[in-house]
Protein chains: 2
Amino acid sequence: MKPKQPALRERTRRAVQREIGEAALALFVERGYEATTIDDIAAAVGMSQRSVFRYFATKEEIVVGKLDLAADQMLDTLRTRPPGEPVWVSLRRLFDILDEPGQQHIAEPIHRVVLETPALHAAYLQKLQQIQDAVVDALRQRAAAAGRPYAVDDPTPRALTAAAFGCLVAAQHSWLASGATSPLGDAVDRAMATLTPRA
Amino acid sequence: MKPKQPALRERTRRAVQREIGEAALALFVERGYEATTIDDIAAAVGMSQRSVFRYFATKEEIVVGKLDLAADQMLDTLRTRPPGEPVWVSLRRLFDILDEPGQQHIAEPIHRVVLETPALHAAYLQKLQQIQDAVVDALRQRAAAAGRPYAVDDPTPRALTAAAFGCLVAAQHSWLASGATSPLGDAVDRAMATLTPRA
DNA sequence: GTCATGGTTGACAGTGACTGACATGTTCGG
DNA sequence: CCGAACATGTCAGTCACTGTCAACCATGAC
């Protein structure tokens with residue numbers, strides 16, 4: 001019987017990871033990302049610097065690692081969408097999870113730190129790029145399952161996905177610039193409405 | 001008469017910067033970005049590590065700094081396009097300079113290193129983001145000059161620009177994936193043809 | 001209970017990117 | 001030829017990150 005403890009270990013691991021993440025984020029928001037050292041974070045949770053790095057590969061991952069969860073949710077969303085739905089609509093639906101009520105007040109300072117810290121912004125864009133790869137994969141599979149597979153060299157799924165994520169980033173910018181008042185989803189709607197996929 | 005030597009100084013500065021850049025790039029391509037240390041680069045050009053950092057703020061800048069020139073060219077291009085031209089077409093034309101013949105053979109290994117090295121890829125995406133900001137600005141100015149300014153909260157210019165650059169990145173991916181045979185411009189054409197701006 | 005065992009942790013040393021400070025040239029203007 | 005910029009080297013220091021090792025649990029076998 002092996003699979004008995006692994007579950008527990010995994011759970012405690014997640015718990016510690018979560019604790020570090022929350023403490024770190026509080027410090028980042030309070031005094032800035034660059035001004036916060038890993039030692040500060042370690043001290044805040046009562047661990048050694050070394051152990052912090054056992055839970056997060058890099059300092060940036062403490063922040064952008066939160067997107068891994070979001071990525072999984074996006075892929076789930078994509079798989080449960082009607083296979084015949086227009087791709088552009090499905091892509092728009094992926095972003096719903098970034099916009100759930102109850103998270104907005106928390107999400108806003110995070111967004112701000114990420115967009116204002118060059119190192120974090122770069123890491124964020126890269127993570128979005130990774131997510132896009134997975135989304136493109138899922139889109140190809142879906143099309144194949146629906147009997148209308150894309151040709152291997154057809155740039156359509158990749159281009160549409162890239163454009164959609166580009167619109168997302170554009171929407172986040174204007175959302176933050178206007179003080180994060182109206183829901184982010186509205187900004188995404190407006191951004192994505194400026195384009196249509198060609199038949 | 002002050003502006004006599006400054007011009008010379010600036011020229012020699014550019015020359016040294018260029019020399020460092022070329023030496024570094026050769027090393028990056030040969031043995032990889034991560035495996036190349038700043039000391040290696042300094043030794044290759046016969047300088048101290050400190051001096052290398054006087055010409056480039058960061059290691060990544062040695063590579064992605066080359067895009068600053070491209071960015072200027074893009075903005076020039078944008079300003080010389082007919083003001084009435086559809087935005088999507090103008091945006092497509094920005095990317096022509098990345099595709100000039102005679103640079104392709106050189107550009108390919110660079111592209112490869114950038115896309116395959118996480119740190120560089122992140123820096124690259126961030127630089128593209130900066131360029132987008134400038135492009136959006138130019139688009140707004142152009143529309144205003146043509147008597148059809150965008151409303152301040154109109155996401156159109158930002159969204160279209162982000163989508164176009166997303167298509168560019170998508171095109172680079174498939175271009176590299178297919179061995180960089182046909183010109184990059186063709187890949188960009190195909191990617192951007194999958195979308196149309198909504199009237 | 002005891003003991004092997006896998007997984008977690010802290011302490012320590014080391015690398016590499018980067019920064020600040022200072023001292024030494026080299027160059028250019030007068 | 002002299003003084004003021006400017007470029008460069010050296011050195012010391014910070015911080016992110018990695019490898020290693022020894023101590024330390026918790027669990028399961030006996």
Side-chain angles (χ1 to χ4, degrees), chain A residues 1-21 23-25 27-28 31-65 113 117-123 126, chain B residues 1-21 23-25 27-28 31-65 113 117-123 126:
Chain A
M1 292 264 174
K2 280 200 174 175
K4 188 182 171 187
Q5 294 322 325
L8 176 85
R9 304 248 157 150
E10 193 55 22
R11 240 182 302 140
T12 63
R13 181 177 173 76
R14 300 263 186 215
V16 176
Q17 200 168 39
R18 183 190 177 83
E19 191 184 348
I20 296 173
L25 215 47
L27 290 175
F28 291 159
R31 64 172 90 154
Y33 177 80
E34 318 259 40
T36 305
T37 169
I38 301 282
D39 281 322
D40 293 340
I41 300 166
V45 293
M47 302 179 75
S48 71
Q49 190 218 50
R50 193 66 183 89
S51 282
V52 172
F53 280 116
R54 288 195 173 100
Y55 286 92
F56 293 97
T58 70
K59 191 181 174 186
E60 294 151 7
E61 266 292 305
I62 302 179
V63 180
V64 299
V113 170
T117 309
L120 274 183
H121 192 215
Q126 195 191 12
Chain B
M1 290 270 171
K2 279 198 177 176
K4 188 182 172 188
Q5 292 322 322
L8 176 88
R9 297 251 150 118
E10 192 56 21
R11 241 182 301 141
T12 64
R13 181 178 173 76
R14 300 264 185 215
V16 176
Q17 200 168 39
R18 183 191 176 82
E19 191 182 349
I20 297 173
L25 214 47
L27 289 175
F28 291 160
R31 64 172 91 153
Y33 177 79
E34 319 260 39
T36 305
T37 170
I38 301 281
D39 282 321
D40 292 340
I41 299 166
V45 294
M47 302 179 74
S48 70
Q49 188 216 51
R50 193 66 182 85
S51 282
V52 173
F53 279 116
R54 286 193 175 103
Y55 286 91
F56 294 97
T58 69
K59 191 181 174 185
E60 294 151 6
E61 266 291 305
I62 302 178
V63 180
V64 299
V113 170
T117 308
L120 274 183
H121 192 213
Q126 196 192 12

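The chains referred to below are lettered A, B, ... by the order of the sequence lines, with proteins before strands, and numbering in each begins at 1. Computed from a predicted structure; not experimentally measured.
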Over all strands shown, is B:T36 touching base, sugar-phosphate only, or nothing at heavy-atom distances under 4.0 angstrom?
sugar-phosphate
What one should report as the nearest heavy-atom pair of B:Q126 and A:A122 is OE1-CB, 3.7 Å
Hits for salt bridge (Lys or Arg N to Asp or Glu O under 4.0 Å) against A:R13, two or more places apart or cross-chain, chain-then-number order -> none
What's the shortest heavy-atom distance between A:V113 and A:F28, and which atoms?
CG2-O, 4.4 Å
Just the rounded figure in Å: distance from P of D:dA7 to CD of B:Q17.
12 Å
Using a 4.0 Å cut-off on heavy atoms, which residues in residues 49-59 of chain B reach DNA chain C? List them by number, or say none.
B:Q49, B:R50, B:F53, B:R54, B:A57, B:T58, B:K59
Go through C:dG16, D:dA16, D:dT8 for me and flag the one nearest to the A:I38 side chain.
D:dA16
A:I62 to A:A24 - nearest heavy-atom pair and separation:
CG2-CB, 3.6 Å
Would you name the heavy atoms of B:K59 and B:E34 that are closest together and state the gap between them?
NZ-O, 4.0 Å
Using whole Å, report how far CG of A:D40 lies from C1' of D:dA16.
13 Å
Rounded interatomic separation in angstrom, taking CD from A:E34 and P from C:dT19:
11 Å
Roughly, in whole Å, what's the span from CE in A:M47 to P in D:dC17?
16 Å
My understanding is that only residues two or more places apart in sequence, or in another chain, count here; which of them pass salt bridge (Lys or Arg N to Asp or Glu O under 4.0 Å) with A:E60?
none
Applying salt bridge (Lys or Arg N to Asp or Glu O under 4.0 Å) to A:R14 and not counting sequence neighbours gives A:E10
Atom CG of B:D39 and atom C1' of C:dA17 are separated, to the nearest Å, by 10 Å
What is the distance from atom CD of A:Q17 to atom OG1 of A:T12, rounded to the nearest 0.5 Å?
11.0 Å
Can you give me every donor-acceptor pair (side chain of residues 35-52 of chain B, partner residue at least two apart or in another chain, under 3.5 Å) with its distance?
residue	atom	partner	partner atom	Å
B:T36	OG1	B:G32	O	2.7
B:T37	OG1	B:D39	N	3.3
B:D40	OD2	B:R31	NH1	3.0
B:D40	OD2	B:T37	N	3.1
B:S48	OG	B:S51	N	3.3

Atom pair distance, as rounded to whole Å: CZ in B:R9 and C1' in D:dT8:
13 Å
Take atom CD of A:E10 and atom C1' of C:dT8, then tell me their distance rounded to the nearest Å.
14 Å
For nucleotides 22-25 of chain D, list the nitrogen or oxygen atoms of the protein found under 3.5 Å from its nitrogen or oxygen atoms, one pair per line.
none

